[in-house]
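Each chain gets a letter, A, B and so on, in the order the sequences are listed, and its residues count up from 1.
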There are 2 protein chains.
Amino acid sequence: MKDRTSSSKIYLDVVESLRRMIEADSLLPGDKIPSERELSDRFNVGRSSVREALRALELLGLIETRRGEGTFIRDFQEHKLVELLGTFFLQDKKVQEDLAETKRLIEIDCLRIVAFFATAEDIKRLMGWVKAEDFRDDDFFLRIAILNRNRLLERIWRIINSYARTSEIVQGNVKKEDYLSLLTYLLERDEEKAIETYLIRIRNMSKDE
Amino acid sequence: MKDRTSSSKIYLDVVESLRRMIEADSLLPGDKIPSERELSDRFNVGRSSVREALRALELLGLIETRRGEGTFIRDFQEHKLVELLGTFFLQDKKVQEDLAETKRLIEIDCLRIVAFFATAEDIKRLMGWVKAEDFRDDDFFLRIAILNRNRLLERIWRIINSYARTSEIVQGNVKKEDYLSLLTYLLERDEEKAIETYLIRIRNMSKDE
DNA sequence: TGAAATCTAGTGGTCAGACCACAGCGGCCT
DNA sequence: AGGCCGCTGTGGTCTGACCACTAGATTTCA
């Protein structure tokens, strides 16, 4: 029998089937997916194949399993596999550099968008937060990424950031004034100055890319 | 019995053990790792647990398995994270718009980098190609993405492009002159003009983002 | 009646053993 | 030398059996 067209790796078929199922049933984070036994039944594959797929997705942080309860879709924001990849094989030099550079580019893109589209209120609220709270650099840029209304770009930033965090990219001690002056330029819609402030004062770079 | 200290999930222990083993034996991409049966033996766990760990790492793109041969370490540059997250949850409506916008942003980033760092030769070669060949828009920007030396950014572009292509983003009929004039500005290191050309003549937009 | 203890069905976690399909190797025959 | 064959080891898959745990229904008892 075995009518599956794709010639190899049942567990990959299962991953795909799960994807489709989630899509079709519009399952959201927190929702429960059928039990392993039922899936194995529904897809006509052995339970072990289903498990291989589920374990892989679990390691990716896309699902969560609780013994005795079931398997649930997870909030994708927090793929914790990142640490894994980090501890695993992220010691490559070139990758580190690319990572840092890409992160900078994305952040600049976000700044540009914010400078154009964010409301004055949003920016002022962020300024209040900067004054009030104690925060890390990536807390700040997470908020920037959220302010830009492009969810995809935000997600890309989150992913890259979580990778970058595992590496030893040490943030120099940046001061609140720098963030505030950056925000001030954003408020004035002065994209140019904002980016200059970002590069020079926050990322300690010269004015090239 | 079961003396394993971590209270849960043997397959996670196996992942960790594998990590250590790879580290300890300084295994490099291309190297073979022990067979599933031997690992199951060495770690004192069932073969299925070993398999769950291996399948997860395989889905991540960290290892590669060849039936009848064995399991091998892969080039870590190409972990599958972004693709997977993409294929899984990139189906919303709004995402389509974000997709197009992000694609533009990334392309602009690439243009900036190329304007700064690409050699005149590279750019001239590309101009020759534009004149000689018949190409699609994404063929062109793929080459731009490659010219920028940031492999991560290139990959992000490729992914976004593959998704954008499936959606209904129709490319207006762009003419070779437009691409050539873009390249001319790049050759002159005129970032400003290049991006303007990109936005207005190639993407048919006004001069905002 | 209401709360606590208990039972039970269902779920994930793990293992052992059995086949299958395939790749590589070595020996055998011509 | 060249080609055929079968052995061995590897990943791929399935099955059935337990175990550990959870939640909800049931029973028990104050």
How close or far is atom [atom2] of [N] from atom [atom1] of [X], stated in whole angstroms?
{"X": "E52(B)", "N": "dG12(C)", "atom1": "CD", "atom2": "P", "answer": "12 Å"}
{"X": "D41(A)", "N": "dG16(D)", "atom1": "CG", "atom2": "C1'", "answer": "15 Å"}
{"X": "I10(B)", "N": "dA16(C)", "atom1": "CD1", "atom2": "C1'", "answer": "14 Å"}
{"X": "L57(A)", "N": "dG12(C)", "atom1": "CG", "atom2": "C1'", "answer": "15 Å"}
{"X": "F72(A)", "N": "dG10(C)", "atom1": "CZ", "atom2": "C1'", "answer": "12 Å"}
{"X": "Y11(B)", "N": "dG13(C)", "atom1": "OH", "atom2": "C1'", "answer": "11 Å"}

For this session: For R47(B), check side-chain contact (heavy atoms from CB on, under 4.5 Å) against everything at least two apart and list the hits.
Result: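 For R47(B) the side-chain contact (heavy atoms from CB on, under 4.5 Å) partners, ignoring immediate neighbours, are E36(B), R37(B), S40(B), R51(B).
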Exercise. Should E191(A) and Y185(A) be marked as a side chain to side chain donor-acceptor pair (under 3.5 Å) after you check the CA-CA gap, both sets of side-chain angles, and the distance that decides it?
Worked result: CA-CA 7 Å; E191(A) 177 186 315; Y185(A) 288 128; over 6 Å; no
Problem set entry | Pair N150(B)-T102(A), side-chain donor/acceptor within less than 3.5 Å |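 A donor-acceptor contact under 3.5 Å links the two side chains.
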Exercise. So does E121(A) pair up with K124(A), basic N to acidic O under 4.0 Å?
Worked result: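 K124(A) and E121(A): not salt-bridged.
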Problem set entry | Ion pair E16(B)/R19(B), N-O distance below 4.0 Å |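 Between R19(B) and E16(B) there is a salt bridge, with a charged N closer than 4.0 Å to a carboxylate O.
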Problem set entry | Residue-phosphate contact under 4.0 Å: S49(B) side-chain N/O, dC15(C) OP1/OP2 |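 Checking S49(B) against dC15(C): at least one side-chain N or O falls below 4.0 Å of OP1 or OP2.
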For this session: For F140(A), enumerate each residue passing the ring-ring contact (aromatic ring centres under 6.0 Å, His included) test, keeping only those at least two apart in sequence or located in another chain.
Result: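 Partners of F140(A) by the ring-ring contact (aromatic ring centres under 6.0 Å, His included) criterion, ordered by chain and then number, come out as Y179(A).
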Between the protein and nucleotides 8-11 of chain D, which nitrogen or oxygen pairs come in under 3.5 angstrom?
from: dG9(D); atom 1: N2; to: G68(B); atom 2: O; distance (Å): 3.2
from: dT10(D); atom 1: O2; to: G68(B); atom 2: N; distance (Å): 3.4
from: dG11(D); atom 1: OP1; to: T71(B); atom 2: OG1; distance (Å): 3.1
from: dG11(D); atom 1: OP2; to: E36(B); atom 2: N; distance (Å): 2.9
from: dG11(D); atom 1: N7; to: R37(B); atom 2: NH1; distance (Å): 2.9
from: dG11(D); atom 1: O6; to: R37(B); atom 2: NH2; distance (Å): 3.2

